[in-house]
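Order of listing sets the numbers, starting from 1, for every ligand and every atom in it. Residues take their numbers from the sequence shown, with the count starting at 1.
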Amino acid sequence: MRFAWPNGYRMAVCLTWDVDGESGVYFRFPERAERLLGELHQRLFGPQVGIWRILQTLERHGIPGTFFIPSSVAEMHPDVVEAIVAAKHPVGLHGHLHEALETLSEAEEIAVLERSQCILAKHCGYVPALYRAPAWELNRRTPEILVRHGCRSDSSLMDDEAPYALETQAGPLIEIPIQWALDDAEYWAHSRANRDKPLADPQTVLNFWQSEFDGFYRSGGCYVLTLHPFISGRHATMQTLERLIEHIKRFDGVWWTTLEAVTAHAEALLGAGTLPVRRSPPPSAES
Ligand SMILES: [Zn+2]
C-alpha cells in the first residue's frame, strides 16, 4: 500500500546532515586525539567550511534541511547552530561526543541523552525532539528511553522506505528509515585509517542516488539522504548534491521537507490509525 502524503504529494525528500565535526574522534580515539592533529583538523572542515556551503546551497534552491548535531559540537561551534536555527532548519539530537550506544550502560546512555537535550536547548531555544543514533546504531533499550525523554522520532533504522511507528514499552516512536546507499560516508569517508578504500567517482554516486530517487518516486516513499559537512562539503561532492537536486526538481509532486514535518505528519496518521505499527525482532530466535 502506498504511504499517504499530505496535500497530494506522491513522495517526500529529506536532505539531512549529521554535523559530527571532531566529536567522534574524542570518543572513539581519545589517545589519537591527544597526540595527533590530522584527523581532528580534517573533521573541522565541516563546521568551518562545509556547513556554510551547505546552508548557501539550501538557500539558493529554496529547500529545507534537517541537522543532527552532537551537543559537544554545539558547544565548540555555537555559530553553526545559530546559523542553522536562524535559517529555520530543524535540529536533532546525535549524542554529546557521538557516543557509540553499544558501549554505554543504561545510566550512561540516559545521562548522555539528557546532557545533549540540555545543551542543544540552550543553543536552539527549544528542546530538540528528533533523534538519530551516532553511526545509526540503536541498542535494544534506546527506543524506549527516547520516548520516555520526549523524543518524537528516530531516523536510524533500515527496514522500510516510509515512516512507521516502532512499538516500545513507553509508547510508539516514529521511525523515519535511512539506508547505506544514501549516505555520503560510504562513498567518500576517507582518512589515514582506511586509505585502502578509494574515494568513489562522483558520477557513480550520482547515478546511485538518482536511481534510488527514481524508485522512491514510483513507490511513494520518504527519500532520506544522510550527509556530513566534513565529508561531502567539498567541491566535487557538493556538485554531486547540486546535480541530484536539479534532477529531483524535474519531478512534480515531490514534498521537499524536513524530518520534523515528516514526524508531525506521521504522528497525525498514527492518531488516525493509518500509520503502520512495527515491533523490533526478539533478542533471540527462541524468545
Ligand atoms: Zn554522526
I'd like a table of donor-acceptor pairs (distance under 3.5 Å, sequence neighbours excluded) in which one partner is a side-chain atom from residues 66-73, with atom names and distances.
unit_1: T66; atom_1: OG1; unit_2: L259; atom_2: N; d: 3.0
unit_1: S71; atom_1: OG; unit_2: H96; atom_2: ND1; d: 2.6
unit_1: S72; atom_1: OG; unit_2: H96; atom_2: O; d: 2.6

Side-chain atoms of residues 265-281: list all donor-acceptor pairs with protein atoms under 3.5 Å, sequence neighbours left out, distances to 0.1 Å.
unit_1: H265; atom_1: NE2; unit_2: A4; atom_2: O; d: 2.6
unit_1: E267; atom_1: OE1; unit_2: R152; atom_2: NE; d: 3.4
unit_1: E267; atom_1: OE1; unit_2: R152; atom_2: NH2; d: 2.8
unit_1: E267; atom_1: OE2; unit_2: R152; atom_2: NE; d: 2.9
unit_1: T274; atom_1: OG1; unit_2: L269; atom_2: O; d: 3.3
unit_1: R278; atom_1: NH1; unit_2: D160; atom_2: OD2; d: 2.7
unit_1: R278; atom_1: NH2; unit_2: D160; atom_2: OD2; d: 3.1
unit_1: R279; atom_1: NE; unit_2: E167; atom_2: OE1; d: 2.8

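Two rings, from F213 and F251, have their centers less than 6.0 Å apart.
The closest side-chain heavy-atom distance from V49 to R53 is below 4.5 Å.
Sequence neighbours left out, not one pair with a member in residues 24-60 passes ring pair (Phe, Tyr, Trp, His ring centres under 6.0 Å).
No hydrogens or angles considered: nothing links the side chains of T204 and N207 as a donor-acceptor pair under 3.5 Å.
For a distance threshold of 2.8 Å, the protein N, O or S atoms nearer than that to the Zn ion (ligand 1), listed by chain and number, are D20 OD1, D20 OD2, H94 NE2, H98 NE2.
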